[in-house]
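Numbering of residues begins at 1 and proceeds along the displayed sequence.
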Amino acid sequence: MSKQSNKTHAITPWKNVAFYLCILLFLLSLISYITGETYGDGQWLWPLLFVPLMLYFLGIMYGDVPSRFYQVSGLQPFPIPFSMQFDRAVLAIVLLFSGITLNGILLVFSIIFGAPLFLTILYGIYMGIVLVELPHSIRIFRYLQHIQITRMNAPDSSTLFKTTSSYRANEELTQGIEKNPAFLESLFGELKKEAETLVQKYSPLGREQQYALNLAVRAGEAVWEARASSDYENVEVLETNLNIVYALCKHADMEPPPDLNEMTKKLKTLKEESGDKDAKEASSAQTN
């Protein structure tokens, strides 16, 4: 599966550059206003010119986070805890519409208070820019609506994925660390089945988008659990979740977490130590 579209939903460089440029121009215009001598005829609107754009760009930058996971071809583990991404999307909407509203208010003020024509034109151009960009940012709404619908309509989590849980050790899942192709394919089949089970009919996200997001969330859970179990040296849970990660990397073309090899080495070390311990206990029991 190709990864050429991996960056499709990523924050484009010009948005980052525009955001920091707005901060720079705001500071320069503020310094110019404070050190200058002209304060009448709406000149006080000059320093505020870049504030609504800063809020708008910041909203887009926050809002682009969940939409990166809408394509299987660019699958990455969704950052966990999941609730933080939900809160981040809510904040994105607040920032985005704060910027639009503030820009509209300042545009009206620039007309009422007789600001320089060039300043009024700039406010008008900025309003046009954000309104043109707005449909692309509606994906934030779609994401939040999807989460709400999923919360209301998703099957009981205790009945899902009984045979392959990222939170419970399962003897059948202790073979994949050796990259057994048949086992990983079977495991991915269970992951795929779960992701499809969670697809909601009335979600504003498309079926493929939901499928990709569900796999990404499962991947994030597995990575998060693997890291935690690695720290606590819980061999069974660590192996279970690494199996899930390997299955997704092989069959969903998932972007591997940077510490995957490190966790794999940790698991092998823990299993060797556990084997040595069991051998010593067995030997001691025979001696007694």
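The closest side-chain heavy-atom distance from Val223 to Ile244 is not below 4.5 Å. Counting only heavy atoms from C-beta outward, the side chains of Thr269 and Glu273 approach each other to under 4.5 Å. Here the side chains of Lys192 and His251 are not in contact, with every heavy-atom distance at 4.5 Å or above. Residues Glu194 and Asn214 have side chains not in contact (no heavy-atom distance under 4.5 Å, counting atoms from C-beta outward). Side-chain contact check for Ile125 versus Ile129: some heavy-atom pair is nearer than 4.5 Å. Residues Glu233 and Lys266 meet the side-chain proximity criterion, which asks for heavy atoms closer than 4.5 Å. A 4.5 Å side-chain heavy-atom check between Cys249 and Val245 finds at least one atom pair inside the cut-off.
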### Task
Evaluate side-chain contact (heavy atoms from CB on, under 4.5 Å) for Phe113 paired with Thr120, printing each intermediate quantity in order.
CA-CA 10 Å; Phe113 292 102; Thr120 303; over 6 Å; no
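Val132 and Met61 fall into different hydrophobic clusters, defined by Ile, Leu, Val, Met, Phe, Trp and Tyr side-chain heavy atoms under 4.5 Å apart, directly or through other members. Cluster annotation: Leu48 and Ile31 are assigned to distinct hydrophobic clusters (Ile/Leu/Val/Met/Phe/Trp/Tyr, side-chain heavy-atom contacts under 4.5 Å, transitive). Put simply, Ile121 and Tyr123 are part of the same group of oily side chains (I, L, V, M, F, W, Y) that touch within less than 4.5 Å, one to the next. No single ILVMFWY cluster, assembled from side-chain heavy atoms under 4.5 Å apart, contains both Val94 and Leu134. Under a hydrophobic-cluster definition in which Ile, Leu, Val, Met, Phe, Trp and Tyr are linked whenever side-chain heavy atoms come within less than 4.5 Å, directly or via other members, Leu117 and Leu106 are assigned to the same cluster.
A distance of 11.0 Å separates CG of Leu21 from CE of Met54, quoted to the nearest 0.5 Å. Atoms CG and CG, from Leu49 and Asn103 in turn, are 8.0 Å apart once rounded to the nearest 0.5 Å. Rounded to the nearest 0.5 angstrom, Lys250 NZ and Leu248 CG are separated by 13.0 Å. To the nearest 0.5 Å, atom CG of residue Leu55 and atom CG of residue Leu102 are 6.5 Å apart. Atom CG of residue Leu122 and atom CG of residue Leu45 lie 11.5 Å apart, to the nearest 0.5 angstrom. Summarising the geometry, atom CG belonging to Asn234 is positioned 6.0 Å from atom OG belonging to Ser229; distances are rounded to the nearest 0.5 Å.
No more than 12 heavy atoms of other residues, nucleotides or ligands sit less than 6.0 Å from atom CD of Glu262. Other residues, nucleotides and ligands contribute at most 12 non-hydrogen atoms within 6.0 Å of the OH atom of Tyr20.
Of the possible polar contacts, one joining the Tyr56 side chain to the Val130 backbone as a donor-acceptor pair under 3.5 Å is found. The backbone N or O of Leu198 sits less than 3.5 Å from a side-chain atom of Gln200, completing a donor-acceptor pair. Judged purely by atom type and a 3.5 angstrom limit, Ser110 uses its side chain to pair as donor or acceptor with the backbone of Leu107.
Of the residues Thr264, Leu187, Asn241, the one that meets the side-chain contact (heavy atoms from CB on, under 4.5 Å) test with Tyr246 is Thr264.
Pairing each heavy atom of Gly42 with each of Ala115, the nearest pair is O-CB, 3.9 Å. Closest of all the heavy-atom pairs between Arg218 and Leu191 is CG-CD2, 3.5 Å. The minimum heavy-atom distance between Trp46 and Ser29, with the atom names listed, is O-OG, 4.0 Å. Across Val199 and Arg207, no two heavy atoms sit closer than the pair CG1-NH1, 3.7 Å.
Between Glu196 and Lys193, no side-chain nitrogen of the basic residue sits less than 4.0 Å from a carboxylate oxygen of the acidic one, so the salt-bridge criterion is not met.
Between Tyr126 and Phe50, the two ring planes are tilted [angle within 30° to 60°].
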